[in-house]
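Have a look at the structure below, then the notes.
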Amino acid sequence: MAGAVWKRRFLASAVSLGLLCVLLLAGIIGLLLYQRNLLNSYNNLTAERDQLQTSYNNLTKERDQLQTSNKYGKCPRDWKKSCCSCYYISADEKTWEDSRKDCQARGANLVIINSREEQAFIKAFNKRAWFGLTDIEVEGTWRWVDGTPLTTSYWTKGEPNDLQEDCALVDNTQQDPVVAWNDVPCNHTNSWICERQVC
Ligand code: 2F8
Ligand code: CA
């Protein structure tokens, strides 16, 4: 009889001990998982911080270049200078809107053509390229990217000619050294020309 009691007690103790071990094990596993999550978050945050630091460094460099070029009326490397403006001719192709955003990110805008000389200068790049003119707001009312209306134009004969073509580009297939504008759909991709005034 006494033996049976001791046996029950021993069994109860063993089961309790077993349960305790399981709980401990679960706790340790939980802690390990928590630690792994913390480590992952830390790594992600570190990568994000490094990316932000790189963007910050690039922006600082770009700002310094901008300040230097504005101070001395100089153009950044790879830009062309004429009178008081610097011109950037893109190597790749984008839609008109994305081209404009690219210019803005460079502290410039799509080129606004204010004179026959400037138009001839742009045409001489011999590039099919967007410039800063659109009638996307009101069909038939062409405006420059600074909001001013178009007064003097250099449209190729028969242009602008299409209700679906709301953005202007300078065409490189025209023989004329000046007259070369055409309207094409804004969502087409083309090279583009940015202008930044420096004096
Ligand atoms: O013939 C003029 C006409 O030529 C092309 O369309 C066939 C141009 N389109 C593009 O360059 C995308 C039109 O804009 C131009 O008016
Ligand atoms: Ca056209």
Side-chain angles (χ1 to χ4, degrees), residues 51 54-55 58-59 61-63 65-66 68-70 73-199:
Q51 272 176 0
T54 308
S55 310
N58 288 344
L59 281 172
K61 213 159 97 185
E62 213 166 303
R63 184 206 58 198
Q65 274 176 356
L66 261 174
T68 309
S69 60
N70 281 344
K74 279 190 186 155
C75 296
R77 216 158 19 95
D78 301 333
W79 291 53
K80 307 236 178 287
K81 176 128 198 243
S82 175
C83 302
C84 263
S85 287
C86 299
Y87 298 87
Y88 170 82
I89 304 113
S90 79
D92 51 347
E93 301 187 347
K94 289 181 187 286
T95 64
W96 187 89
E97 192 56 47
D98 285 348
S99 302
R100 186 179 183 189
K101 284 183 187 149
D102 176 273
C103 291
Q104 287 168 338
R106 295 172 194 278
N109 210 334
L110 283 171
V111 55
I112 294 174
I113 298 163
N114 303 105
S115 67
R116 193 172 183 84
E117 290 69 32
E118 191 175 19
Q119 168 58 22
F121 177 74
I122 296 298
K123 172 70 169 51
F125 294 149
N126 195 25
K127 194 101 174 172
R128 177 181 165 91
W130 295 123
F131 61 97
L133 185 69
T134 177
D135 75 337
I136 200 144
E137 295 294 335
V138 182
E139 178 58 38
T141 302
W142 290 87
R143 280 192 187 280
W144 295 104
V145 282
D146 65 357
T148 54
L150 174 66
T151 48
T152 309
S153 62
Y154 304 96
W155 295 110
T156 299
K157 193 158 182 274
E159 307 294 346
N161 65 343
D162 197 316
L163 299 182
Q164 311 306 320
E165 300 186 327
D166 293 335
C167 291
L169 57 71
V170 56
D171 198 346
N172 62 347
T173 61
Q174 300 300 319
Q175 293 302 310
D176 191 285
V178 175
V179 174
W181 294 1
N182 181 22
D183 60 335
V184 299
C186 302
N187 61 359
H188 281 202
T189 54
N190 287 293
S191 302
W192 66 94
I193 301 169
C194 308
E195 176 185 16
R196 185 200 297 163
Q197 293 192 341
V198 282
C199 49

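Side chains are part of it too, since the values below use all heavy atoms of this structure and drop only hydrogens, waters and symmetry mates. Atoms within each ligand, like the ligands themselves, are counted from 1 in listed order.
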Legend entry - Main-chain N/O of Gly140 paired to Asp135 side chain as donor or acceptor, under 3.5 Å: yes
Inset, instruction - Return the name of the atom in Glu165, of element N, O or S, nearest to the Ca ion (ligand 2). - result: OE1
Legend entry - Minimum-distance pair of heavy atoms, taken over all atoms of Cys167 and Trp96: SG-CG, 3.4 Å
Legend entry - pair Thr152-Arg116: side-chain heavy atoms closer than 4.5 Å: no
Legend entry - Test item: Asp183 and Trp155 side chains (from C-beta on) under 4.5 Å apart, heavy atoms: yes
Legend entry - Nearest protein heavy atom with distance in Å, relative to atom 6 (O) of ligand 1: Glu165 OE2, 4.9 Å
Legend entry - Thr95 (side chain) donor-acceptor with Thr189 (main chain) under 3.5 angstrom: no
Inset, instruction - For Asp162 and ligand 1, answer yes if some heavy atom of the residue is under 4.0 Å from a ligand atom, otherwise no. - result: no
Inset, instruction - Tell me which protein heavy atom sits closest to atom 10 (C) of ligand 1, plus the residue, atom name and distance to 0.1 Å. - result: Val184 CG1, 3.5 Å
Inset, instruction - For atom 5 (C) of ligand 1, find the nearest protein heavy atom and state the residue, atom name and distance (0.1 Å precision). - result: Asn182 ND2, 4.9 Å
Legend entry - Among the N, O or S atoms of Glu159, the one nearest the Ca ion (ligand 2): OE1
Legend entry - Non-hydrogen atoms of Lys81 and Phe121 that approach each other most closely: O-CZ, 4.1 Å
Inset, instruction - Decide, counting backbone as well as side-chain atoms, whether Asp162 has an N, O or S atom less than 3.0 Å from the Ca ion (ligand 2). - result: no
Inset, instruction - Provide the number and element of each atom of ligand 1 under 4.0 Å from a heavy atom of Asn161. - result: 15 (C), 16 (O)
Legend entry - Top protein contact for atom 1 (O) of ligand 1, by heavy-atom distance: Glu159 OE2, 4.6 Å
Legend entry - Closest heavy-atom pair and its distance - Leu163, Glu139: O-OE1, 3.2 Å
Inset, instruction - Could you tell me which atoms of ligand 1, counted from 1 in the order shown, lie closer than 4.0 angstrom to a heavy atom of His188? - result: 12 (C)
Inset, instruction - Take the angle between the ring planes of Tyr88 and Trp192 and call it parallel below 30°, perpendicular above 60°, tilted in between. - result: tilted
Legend entry - Heavy atom of the protein closest to atom 11 (O) of ligand 1 (residue, atom name, distance): Arg128 NH2, 3.0 Å
Inset, instruction - Using heavy-atom distances, let me know which of Asp171, Asp183, Leu169 sits nearest atom 14 (O) of ligand 1. - result: Asp183
